Amino acid sequence: MTVPVHLVDDDRDLLRATAQTLQLAGFDTATFASGREAVAALDAEFPGVVVSDIRMPGMDGLELFAQIQRLDAEIPVVLMTGHGDIAMAVKAIQDGVYDFVTKPFATDRLVQSVRRAAEKRALVMENRRLRAAARDVEGDLPLIGQSRAMLRLRDMLRQIADTDVDVLVTGETGSGKEVVATLLHRWSRRAKGHFVALNCGALPEQVIESELFGHEPGAFTGAQKKRIGRIEHSSGGTLFLDEIESMPPESQVRMLRVLEMREVTPLGTNEVRPVDLRVVAAAKVDLGDPAQRGDFREDLYYRLNVVSLAIPPLRERRDDVPLLFGYFAERAAKRFGRDLPQLTAAASRHLREHDWPGNVRELSHFAERVVLGMEPDDGRDAGLVTVAADALPLPERLERLEAEIIRETLRLHGGDVQQSLAALGVPRKTFYDKLQRHGIVRSDYAGKKG
Ligand SMILES: Nc1ncnc2c1ncn2[C@@H]1O[C@H](COP(=O)(O)OP(=O)(O)OP(=O)(O)O)[C@@H](O)[C@H]1O
Ligand SMILES: [Mg+2]
């Protein structure tokens with residue numbers, strides 16, 4: 001990145017010569033003949049350095065510095081003077097001027113000073129970005145990322161969250177579709193209503209219909225009680241239709257009608273009930289592409305696709321990997337009561353080179369393994385079998401492996417004890433003993449499959 005430098009001097013020849021020096025050193029240099037012009041060209045987001053002469057008619061360098069301070073006290077200012085006025089230099093530095101060079105200066109001296117000032121400014125900007133990111137980390141639901149794609153995504157989310165527009169979110173598995181849907185809900189006035197999620201791929205057709213639309217007693221065999229559908233339940237809130245690409249064709253027709261009419265007719269009734277609806281749908285495939293769409297109705301696609309948000313896979317925004325890893329590692333350390341470990345070379349290579357087909361979810365699991373000392377010994381395989389062949393004695397490694405297998409099993413079964421017991425093939429008592437011994441909290445996994 002080339003850092004911008006704003007250079008101010010009323011002496012045109014010197015201005016040109018100094019600008020050339022800075023340009024040769026790689027700075028993107030703009031020149032100004034007066035303090036007033038220089039101030040007009042600055043704002044608090046200015047990512048660079050200001051270099052200014054002190055003695056100038058009108059606004060002098062010190063006054064310019066004072067004005068910049070009011071704009072953003074962290075913009076570094078380097079002052080130049082032809083008069084070796086030590087007392088003024090000391091005073092200026094005390095007031096917060098970054099550096100002070102006397103003319104005629106050795107070009108090295110100026111370039112060095114500007115370079116250090118630029119580094120400092122870059123750090124300030126980086127920290128501001130991180131703090132801004134931290135502000136987006138809301139409770140247990142962050143959307144972390146500083147890549148261009150994520151910055152744009154967060155901007156979009158803010159813009160559309162509080163509108164009633166329906167949104168289609170696409171992205172590979174684990175890329176954050178549900179996080180996005182939840183933020184759309186939380187950042188809108190609909191946050192007062194319910195966030196109602198339905199996974200269209202997980203349920204058989206008949207169940208989907210009654211889940212979505214609700215039914216009266218006797219609407220179909222087995223419908224004993226009246227049931228309020230999810231669509232109606234989400235009225236005033238947000239309806240999240242996950243894996244919309246798996247919605248059965250029959251339901252698609254009915255859903256399209258709901259979206260157009262903003263009303264719902266429960267099964268077994270002729271009653272029409274208006275709903276205050278906002279739909280966020282998620283798909284793993286590009287429904288705009290006929291080859292991927294399968295039997296998904298084109299008209300429903302167009303109806304849902306008022307606004308579409310595509311979350312890029314993690315491998316296409318690698319810049320986010322360290323930030324996400326840091327966040328997940330810290331969270332895991334807190335949860336498991338461990339210290340944050342030093343990254344091993346293998347783990348670091350994995351972070352740099354892995355393709356993350358499971359995207360952010362996979363990265364979060366990797367961070368947990370690193371915190372638990374289960375880091376991979378091979379970039380291609382970060383799975384269970386790669387208990388680090390480090391210097392630990394065998395019994396300890398076996399202990400760790402056991403703990404990891406139990407965690408993996410709980411994760412796989414969303415914390416369900418019955419299923420985990422079956423998968424592990426151990427008696428209930430043994431299972432609970434082991435949980436206790438390894439400090440595993442079953443409820444950490446409840447309802448969170450994958
Ligand atoms: N940008 C992000 N910042 C922090 N955590 C994230 C981010 N993206 C995803 N996650 C986390 O990664 C995990 C997977 O995200 P999410 O469930 O939203 O993915 P998904 O796209 O819905 O995946 P799937 O298609 O498999 O359902 C979650 O634990 C989520 O909190
Ligand atoms: Mg999901």
Side-chain angles (χ1 to χ4, degrees), residues 129-130 132-158 161 167-187 195-203 238-247 279-287 292 308-332 334-335 351 354 356-369 371 382 407-408 410-412 414-415 443-450:
R129 272 195 300 276
L130 285 177
R135 272 198 296 278
D136 287 332
V137 175
E138 304 199 333
D140 57 347
L141 189 85
L143 183 67
I144 292 172
Q146 289 298 329
S147 59
R148 197 181 283 258
M150 289 310 276
L151 293 176
R152 212 180 310 128
L153 181 63
R154 268 204 301 277
D155 270 359
M156 270 293 263
L157 284 177
R158 282 217 188 75
V167 181
L168 178 62
V169 188
T170 53
E172 291 181 4
T173 185
S175 59
K177 296 184 292 297
E178 186 151 1
V179 178
V180 163
T182 316
L183 284 178
L184 283 171
H185 177 69
R186 285 210 191 159
W187 287 353
F195 179 80
V196 180
L198 183 73
N199 186 328
C200 308
L203 300 169
T238 307
L239 179 64
F240 176 47
L241 298 176
D242 205 358
E243 299 193 23
I244 186 95
E245 70 270 30
S246 315
M247 186 178 260
V279 174
V280 178
K284 285 197 183 69
V285 299
D286 176 7
L287 294 172
Q292 295 185 41
S308 73
L309 299 174
I311 310 178
L314 191 53
R315 66 181 168 281
E316 286 173 19
R317 45 181 165 109
R318 302 203 74 101
D319 289 356
D320 288 340
V321 169
L323 201 61
L324 282 162
F325 177 80
Y327 168 75
F328 290 126
E330 208 160 294
R331 193 181 66 177
K334 214 175 281 165
R335 185 183 294 167
L351 283 178
H354 189 55
W356 309 107
N359 292 292
V360 182
R361 183 182 292 117
E362 183 184 359
L363 177 59
S364 78
H365 292 171
F366 176 72
E368 287 178 8
R369 277 195 298 270
V371 168
R407 287 197 177 92
E408 197 67 50
L410 281 168
R411 202 174 288 133
L412 211 59
S443 57
D444 281 351
Y445 301 86
K448 284 182 284 193
K449 286 206 181 194

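Treat the numbers as computed from the prediction; the structure is a model and nothing was measured. In each ligand, atom 1 is the first atom listed, and ligand 1 is the first ligand listed.
- Side-chain polar atoms of Asp319 and Ser147 form no donor-acceptor pair below 3.5 angstrom.
- Each of the atoms 1 (N) of ligand 1 lies under 4.0 Å from some heavy atom of Met150.
- Checking Val169, Thr173, Val179, Leu183 against atom 30 (C) of ligand 1, the nearest heavy atom belongs to Val179.
- Listed by number with element, the atoms of ligand 1 under 4.0 angstrom from any heavy atom of Leu324 are 2 (C), 3 (N), 4 (C).
- The closest approach between Gly174 and ligand 1 falls below 4.0 Å for a heavy atom of the residue.
- With a 6.0 Å radius and a threshold of 12 heavy atoms from other residues, nucleotides or ligands, Arg315 has its CZ atom above the threshold.
- Inclusion of Lys284 in the set of residues having an N or O under 3.5 Å from an N or O of ligand 1 is warranted.
- Distances between N or O atoms of Gly176 and those of ligand 1 include at least one value under 3.5 Å.
- Under a 4.0 angstrom heavy-atom cut-off, Phe328 registers as being in contact with ligand 1.
- When the options Glu172, Glu178, Glu245, Glu243 are evaluated for a salt bridge (Lys or Arg N to Asp or Glu O under 4.0 Å) with Lys284, the one that passes is Glu243.
- With atom 11 (C) of ligand 1 as the reference point, the heavy atom nearest to it among Thr170, Leu363, Val360, Leu314 is part of Val360.
- Ion pair Glu368/Arg411 flagged as a salt bridge, since at least one NZ, NE, NH1 or NH2 atom sits closer than 4.0 Å to an Asp/Glu carboxylate oxygen.
- Looking at ligand 1, you'll find an N or O of Arg361 within less than 3.5 Å of one of its N or O atoms.
- Residue contact check for ligand 1: Glu243 places no non-hydrogen atom closer than 4.0 Å to it.
- Distance check: Leu183 CG to Leu153 CG gives 9.0 Å after rounding to the nearest 0.5 Å.
- Here is the list of ligand 1 atoms found below 4.0 Å of a heavy atom in Glu178: 17 (O), 18 (O), 22 (O).
- The aromatic rings of His185 and Phe195 sit tilted relative to each other, their planes meeting at an angle between 30° and 60°.
- Ligand 1 is approached by Ser175 to a heavy-atom distance shorter than 4.0 Å.
- The two atoms that bring Ser175 and Ile311 nearest to each other are O-CG2, 3.4 Å, heavy atoms only.
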Set out, in order, the CA-CA distance, both residues' side-chain angles and the distance that settles side chain to side chain donor-acceptor pair (under 3.5 Å) for His365 and Glu408, then state yes or no. CA-CA 10 Å; His365 292 171; Glu408 197 67 50; 5.3 Å; no

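- With respect to Val167, the side chain to side chain contact (heavy atoms under 4.5 Å, CB included) criterion is satisfied by exactly one of Val180, Leu157, Leu184: Leu184.
- Annotation for ligand 1: atoms under 4.0 Å from non-hydrogen atoms of Glu172 are 21 (O).
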